[in-house]
Amino acid sequence: MNVHLHWFLPTGGDGRTPVDRHAYTDGGIKRDRITPVSGVRAPDIEYLAQIAKAAEQLGFEAVLTPTGTWCEEAWLTTVALAQHTERLKFLVAFRPGVISPVLAAQMAATYQRITRGRLLLNVVTGGDSTEQRRFGDHLDHDRRYARTAEFLSVVRGAWSGQPYDFDGEHYQVEGGLTALPPDPLPEIFFGGSSAAAGPVAAAHADVYLTWGEPPAQVKEKIDWIRGLAEEQGRTVRFGIRLHTISRDSSREAWATADRLLGDLDADTIAAAQQALGKSESVGQQRMPALHGGSRDKLEIAPNLWAGVGLVRGGAGTALVGSHAEVADRIEEYHSLGVEHFVLSGYPHLEEAYWFGEGVTPELARRGLLSTVPASPRLGAPGAESRGAAPVHGAAPLLVAGGR
């Protein structure tokens, strides 16, 4: 089992702090200067293309895009970015409750043909009733997961190449199919920490994705999902969603982490924590529990920093340290069974280079990558000054399936 590295596309806006731009501003889309956050970067196609090209050059296999009313639509944005890249895959997040499963199956099949097989799917059931209602979805938390299970059954049935009938509580389909099944079939990533989510992941996910909790808690989740999957005669692989702050020394990395929160006052943190506390998502509830809303003792495990979760929803932890230390932590999670690492940083363009020039070669030296990426120093701005170690004689990274 090798490590698969993925990056993130900030389609809701990017910047130099972890504050959720969509929670406080328009995400930079209108370039509104009335904002408590400086350095906001609009998620226009030019900037996102820079990140996508950097991710491809640095050896990341795929990039994750979020979903919601606060960001650009993921299917449209990524298929546009596919025209700016050659090998990079796109992990497209979408909500199953707001689209027909047969239409989703057809969209995926078309996407695979347009991009020559570069689609991965991230199914987001949704843990915020307010956000769900914006899409016209009024189901409660557990019923949303029951609907997701039916949705994925129909999608896979429509990909079978034969007319597919389904009669469930949420979907009734007669003869559902796509004109041509996607080739290859997109792998399905799925997350959820609640009792309602576990059986859905075990029955339908190719990769179960968790947010970055301490290793002991991640192991508990892996054991839980693996046991449920074995009961159904299935095997599920595992991934983790983390931010990263990797530097040439541990001191530099922790100084960068401190600066990320340096401009945030107590009122901003309190407002963010109040908003995040309304989430129905069990995974989201577990994130604030790691730090308790306080700036004190944010290193909750070696090199695992919970500061991002003070002001950002979703993934709230970061790997912080020297390149070797971050590689150590990735190796530790990998030893538990984590195969896919979906990473991000602030800003996403610069942090992609820090990781790709520092940590990726270290992982390659340890034999954790299936193929060794070509040296990102070739043509990479600023690489010489940051002291990245080259990987001599390396072959281009081949994009592997899954995320």
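Residue numbers start at 1 and run along the sequence shown.
For the ring-ring contact (aromatic ring centres under 6.0 Å, His included) test, residues two or more places apart in sequence or in another chain that qualify with F355 are F60.
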Next on the checklist: Is there a side-chain contact (heavy atoms from CB on, under 4.5 Å) between N303 and V320? Walk through the geometry before answering.
Outcome noted: CA-CA 5 Å; N303 304 107; V320 180; 5.6 Å; no
Checklist entry - Between T85 and K53, is a side-chain hydrogen bond (donor to acceptor under 3.5 Å, both in side chains) present by the stated rule, with each step listed? => result CA-CA 6 Å; T85 54; K53 289 177 179 179; over 6 Å; no
Next on the checklist: Walk me through whether T125 and T148 qualify under side-chain hydrogen bond (donor to acceptor under 3.5 Å, both in side chains).
Outcome noted: CA-CA 7 Å; T125 298; T148 295; 3.0 Å; yes
Checklist entry - What do the steps show when you test V63 against I51 for side-chain contact (heavy atoms from CB on, under 4.5 Å), and what is the final call? => result CA-CA 9 Å; V63 285; I51 297 174; 5.6 Å; no
Item to check | Pair F90-W75, side-chain contact (heavy atoms from CB on, under 4.5 Å): steps then yes or no | outcome: CA-CA 9 Å; F90 297 92; W75 292 88; over 6 Å; no
Next on the checklist: Let's go through T256 and R247 carefully: what are the C-alpha distance in whole Å and the side-chain angles of both, what is the deciding distance for side-chain contact (heavy atoms from CB on, under 4.5 Å) to 0.1 Å, and is it a yes or a no?
Outcome noted: CA-CA 9 Å; T256 301; R247 294 295 185 270; 3.5 Å; yes
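Taking all atoms of both residues into account, the shortest heavy-atom contact from R329 to P302 is CD-O, 2.9 Å. The two atoms that bring F151 and S100 nearest to each other are CE1-C, 4.0 Å, heavy atoms only. Closest heavy-atom contact between F190 and A201: CD2-CB, 3.5 Å. The minimum heavy-atom distance linking P186 with L119 is given by the pair CB-O, 3.6 Å. What you find for R16 and L260 is that their closest heavy atoms are O-CD2, 3.2 Å. Of all heavy-atom pairs spanning P199 and L228, the tightest one is N-CD1, 3.9 Å.
Residue Q106 places its CD atom among 12 or fewer non-hydrogen atoms of other residues, nucleotides or ligands, all under 6.0 Å distant. The environment of CZ in R251 is sparse: at most 12 heavy-atom neighbours from other residues, nucleotides or ligands sit within 6.0 Å. Within a 6.0 Å sphere centred on CZ of R113, other residues, nucleotides and ligands contribute more than 12 heavy atoms. For E299, the CD atom sits in a packed shell: over 12 heavy atoms of surrounding residues, nucleotides or ligands are nearer than 6.0 Å.
The NZ atom of K219 sits 8.5 Å away from atom CZ of R226, with the distance rounded to the nearest 0.5 Å. Put simply, CD1 on I222 and CG on L336 are 5.5 Å apart, with the number rounded to the nearest 0.5 Å. For the atom pair NE2 (H340) and CE (M1), the distance works out to 9.5 Å, reported to the nearest 0.5 Å. Distance CZ/F238 to CG/D206: 12.0 Å, rounded to 0.5 Å. Between S246 atom OG and E252 atom CD the span is 10.0 Å, to the nearest 0.5 Å. Note that the OG1 atom of T67 and the CZ atom of R95 stand 5.0 Å from one another [nearest 0.5 Å].
The closest donor-acceptor contact from the side chain of N122 to the backbone of V92 lies at 3.5 Å or more, if one exists at all. Distance alone, capped at 3.5 Å, is enough to place a donor-acceptor pair between the T317 side chain and the G212 backbone. The backbone N or O of G15 sits nowhere less than 3.5 Å from a side-chain atom of R41 that would complete a donor-acceptor pair. A donor-acceptor contact shorter than 3.5 Å links the side chain of W159 to the backbone of A105.
Between F8 and H348, the ring planes are tilted. Angles from 30° to 60° get that label.
Between K89 and E56, none of the side-chain N atoms (NZ, or NE/NH1/NH2) sits under 4.0 Å from a carboxylate O, so this pair counts as no salt bridge. At a threshold of 4.0 Å, the pair D328-R366 counts as salt-bridged, since one of the basic side-chain nitrogens sits closer than that to a carboxylate oxygen. Salt-bridge formation is not detected for the pair E150/R147: no Lys NZ or Arg NE/NH1/NH2 atom is positioned less than 4.0 Å from an Asp or Glu carboxylate oxygen.
With no hydrogens or angles considered, no side-chain donor-acceptor pair links H6 and E61 at under 3.5 Å.
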